[in-house]
There are 2 protein chains.
Amino acid sequence: MDTGSSLQNRVPRKRRKMQRVTMMDVARLAQVSPSTVSLYLRKPSAVSPAAGQEIARAISTLGYVPNLVAGGLAAASSKVVSIIVPSIRNAFFAETVSTLQAELAAEGLQVILGHSEYGEDQEEALVRTALAWAPAAVVLTGLSHSAETRKLLQASGVPVVEMWEIGGEPVDMAVGFSHPHVGASAARHLLAKRRRSIAFLGARMQEDHRAAKRASGFAEEAKRAAEHVTCEVINHPGAATVEAGSLLLSRALQQIPDLDGIACSNDLIALGALFECQRQGIPIPDTIAVVGFGDLDFSASCIPSLTTIRPSGDLIGKEVARLILAGIHGEQPAGASRIIDTGHVLIERRST
Amino acid sequence: MDTGSSLQNRVPRKRRKMQRVTMMDVARLAQVSPSTVSLYLRKPSAVSPAAGQEIARAISTLGYVPNLVAGGLAAASSKVVSIIVPSIRNAFFAETVSTLQAELAAEGLQVILGHSEYGEDQEEALVRTALAWAPAAVVLTGLSHSAETRKLLQASGVPVVEMWEIGGEPVDMAVGFSHPHVGASAARHLLAKRRRSIAFLGARMQEDHRAAKRASGFAEEAKRAAEHVTCEVINHPGAATVEAGSLLLSRALQQIPDLDGIACSNDLIALGALFECQRQGIPIPDTIAVVGFGDLDFSASCIPSLTTIRPSGDLIGKEVARLILAGIHGEQPAGASRIIDTGHVLIERRST
DNA sequence: TGCATCTATCATAGCGCTACGATGAACTCG
DNA sequence: CGAGTTCATCGTAGCGCTATGATAGATGCA
């Protein structure tokens with residue numbers, strides 16, 4: 001209708017706000033074209049020092065902040081890595097996410113976080129929105145996912161790293177360790193300490209498949225290793241907390257009166273068991289030996305100090321970052337190098 | 001040069017890959033225009049049931065995943081909330097972030113995470129990249145930021161929530177509690193228990209301003225409350241761990257031989273102190289009363305159970321989410337309602 | 001001096017989507 | 001029965017940036 005009349009040469013005819021300082025503004029002030037500014041931002045060496053200085057000055061004068069959303073769209077790859085963990089409240093994953101975030105941030109990558117709460121459907125929804133960001137990579141926890149999740153990921157063509165578990169076929173890449181082996185290590189250690197009535201105390205194993213695998217590795221090793229060994233697996237349906245550990249120990253004592261060794265699926269549970277023994281006056285390790293998992297903050301300092309299996313969430317984070325960065329820099333890991341075993345270490349302390 | 005000759009009607013003349021299933025593809029298959037698809041995605045009720053069904057079918061046939069990067073650019077507001085915490089390894093922040101993530105995810109908002117590691121410069125860099133995503137909101141920890149950070153945030157016009165601290169002037173909104181008050185509560189509790197030689201055990205207080213404020217609130221209350229009260233603040237330069245707690249307790253005993261009460265800036269430190277007392281055969285609370293902070297997982301179950309101050313990271317997360325969502329839905333909180341005091345609760349248990 | 005080779009810079013076409021305004025068709029009602 | 005209203009749908013101009021190829025100048029070499 002109106003052709004943009006009157007005084008203002010810039011009638012706000014169309015579209016939204018135009019507050020933001022854009023690359024155009026910087027270019028105008030620095031007396032260069034927008035492309036040069038863009039080039040300077042991505043590859044400063046390709047721009048003459050004079051122009052570069054001018055641009056830098058303009059950027060700081062205007063307080064320009066590049067719009068990564070626009071950049072991501074134009075470049076068809078946003079500088080984002082999507083991480084999906086069961087829960088960040090879990091110290092294991094907190095450690096991994098923390099390390100991963102730090103490593104990726106150093107390369108200018110942002111971390112987008114999601115919590116699946118151990119639910120496959122929830123994970124699927126998270127993967128869906130994750131992919132909607134055209135991420136540089138997607139990081140998942142474990143190897144168990146819904147069929148739809150796998151399909152989505154495969155179809156997207158985005159690099160995928162599954163962490164904290166190996167021993168199955170990953171969608172793309174995997175960094176972690178074998179959970180059955182962890183369980184087996186714990187069992188072997190207890191058997192070596194001449195324990196014959198042992199139990200695995202776990203929590204939420206109906207959902208936490210990895211904990212369940214540690215339990216079955218434990219049970220199988222116990223069965224294989226020797227005759228006249230009693231072995232039970234006891235599950236607490238709620239979260240893995242110190243309180244759950246106390247409950248589980250009481251329950252184990254009811255089921256196995258001559259209990260002399262336990263492995264816990266988590267150091268929090270082990271700590272709860274320690275406390276419960278102290279309450280009941282059961283000497284550790286004399287009567288019951290305790291092996292934990294996780295080597296958490298308190299495990300070296302508690303009384304008695306806790307024998308535990310350290311999976312190294314830190315190392316997992318570092319390796320995941322390495323794989324992702326390698327992928328971004330063009331190297332396509334193939335074959336066996338797509339699966340990295342970070343192993344586990346049994347740290348013997350006073351509780352066994 | 002070449003005009004796009006030969007067999008292929010779609011020579012890859014210009015630009016990048018065009019693999020992705022776009023809204024155009026969906027529109028084509030569903031026999032509607034792209035705008036209708038977009039409308040359907042954002043407001044299904046505005047589209048006729050017939051067209052909607054057709055579109056839904058097309059989406060699932062093609063496995064279409066909308067590109068939020070493009071959407072964010074077009075709408076000038078990406079569906080992202082940037083959260084910057086000192087460290088996710090800290091159980092407090094893990095809890096808050098977890099809750100916040102869950103609440104925001106329910107409204108279709110993604111969380112982008114950054115760790116400042118208690119560094120103001122690092123925080124500034126994080127804020128800069130955070131703003132580069134044109135986020136729907138930015139969430140920071142605490143009220144202490146570099147001048148440049150504040151300027152950046154103010155200039156951006158993005159809603160900002162500072163959490164885990166109130167008692168100063170926020171950039172925009174704040175949700176948290178008063179740290180000096182927490183310290184004072186701890187001091188009052190110890191004094192009420194007739195303790196007269198008390199100490200505050202903290203870690204990393206040169207960087208963790210909030211812990212430092214708890215300490216000074218503690219010291220001031222002790223000074224104010226009564227004469228002939230000895231009060232020391234002892235700092236461990238490293239991270240707040242159980243081990244640091246043991247060290248700090250030993251140090252406190254050296255400095256104050258007749259020590260009879262301590263407040264710890266963190267339950268991990270308190271647990272370390274508990275363990276150290278147990279090792280040295282010091283009865284708790286008879287000889288030394290212990291107050292913690294955080295009400296962590298183990299605090300109710302340890303021996304003796306820990307008197308502690310609960311700040312409720314959960315509640316903070318919920319309130320932050322509420323503020324953000326209100327802002328997105330157009331309500332602009334003003335005045336006092338921009339600052340929410342979540343308070344703190346002292347939970348008395350066996351350690352005092 | 002003439003022509004090929006660099007180098008620094010630029011113009012421009014999208015990236016995939018949303019929001020705006022417009023267009024008909026269907027419906028209402030005096 | 002025609003003017004006004006509502007409703008579903010559409011066409012299209014950007015959002016701010018990057019990547020591509022083009023264009024001048026500067027330089028090299030015969």
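Below, chain A is the first sequence line, B the second, and so on; all start at residue 1. All of these numbers come straight from a predicted model, not from anything done at the bench. Just so you know, these numbers use all the heavy atoms, side chains as well, and skip hydrogens, waters and symmetry mates.
Residue contacts shown for B/P34 are absent, as no nucleic acid heavy atom lies under 4.0 Å away. Among the heavy atoms of the strands lying under 4.0 Å from A/V47 are primed sugar atoms or P, OP1, OP2 only; no base atom is included. B/L39 comes within 4.0 angstrom of a nucleotide base, judged by non-hydrogen atoms across all strands.
A/S146 pairs with exactly one of A/E124, A/E123, A/E120 by the side chain to side chain donor-acceptor pair (under 3.5 Å) rule, that one being A/E124.
Side-chain contact annotation: B/W164 with B/T96, donor-acceptor N/O pair under 3.5 Å present. Between the side chains of B/S38 and B/S35, not a single donor N or O lies within less than 3.5 Å of an accepting N or O.
The B/R42 side chain lies nearest to C/dA19 when the options are D/dT9, C/dA19, C/dG16. Checking C/dC17, D/dT12, C/dT12 against every side-chain atom of B/M23, the shortest atom distance belongs to C/dC17. In this structure, the nucleotide among D/dT18, C/dC10, C/dG16 sitting nearest to the side chain of A/V32 is C/dC10. You'll find that the side chain of A/T22 is closest to D/dC17, out of D/dC17, D/dT9, C/dT9.
Using a 4.0 Å cut-off, no side-chain N or O of B/S35 falls inside it from OP1 or OP2 of D/dT9. Taking 4.0 angstrom as the limit, B/S48 places a side-chain polar atom (N or O) nearer than this to OP1 or OP2 of D/dT9. Taking only side-chain nitrogens and oxygens, A/Y64 comes nearer than 4.0 Å to OP1 or OP2 of D/dC17. An OP1 or OP2 oxygen of D/dT18 is reached within less than 4.0 angstrom by a side-chain nitrogen or oxygen of A/S38.
Remark: P of C/dC15 and CG of B/N67 are 12 Å apart, rounded to the nearest angstrom. The interatomic distance linking B/L73 (CG) with D/dC15 (P) rounds to 9 Å, in whole Å. At whole-Å resolution of the value, CE in A/M24 and P in D/dT18 are 14 Å apart. Rounded to a whole Å, the CH2 atom of A/W133 is 13 Å from the C1' atom of C/dG16. Protein atom OH of B/Y40 is 12 Å distant from nucleotide atom P of D/dT9, rounded to whole Å. A straight line from CZ of B/R28 to P of D/dT9 spans 19 Å, rounded to a whole angstrom. Here the C1' atom of nucleotide C/dC10 and the CD atom of A/E54 are 17 Å apart, to the nearest Å. Atom NZ in B/K43 sits roughly 18 Å away from atom C1' in C/dC17 (whole-Å rounding).
The shortest non-hydrogen separation linking B/A137 to B/V158 is CA-CG1, 3.7 Å.
Salt bridge status for B/R128 with B/E148: present, with a side-chain N to carboxylate O gap under 4.0 Å.
Place A/S33 and B/G71 on DNA chain C by their nearest nucleotides, and A/S33 ends up nearer the 5' end. Residue-to-nucleotide proximity on DNA chain D shows that, of B/A70 and B/A51, the 5′-proximal contact is made by B/A51.
Judged purely by atom type and a 3.5 angstrom limit, B/E162 has no side-chain atom pairing as donor or acceptor with the backbone of B/V139.
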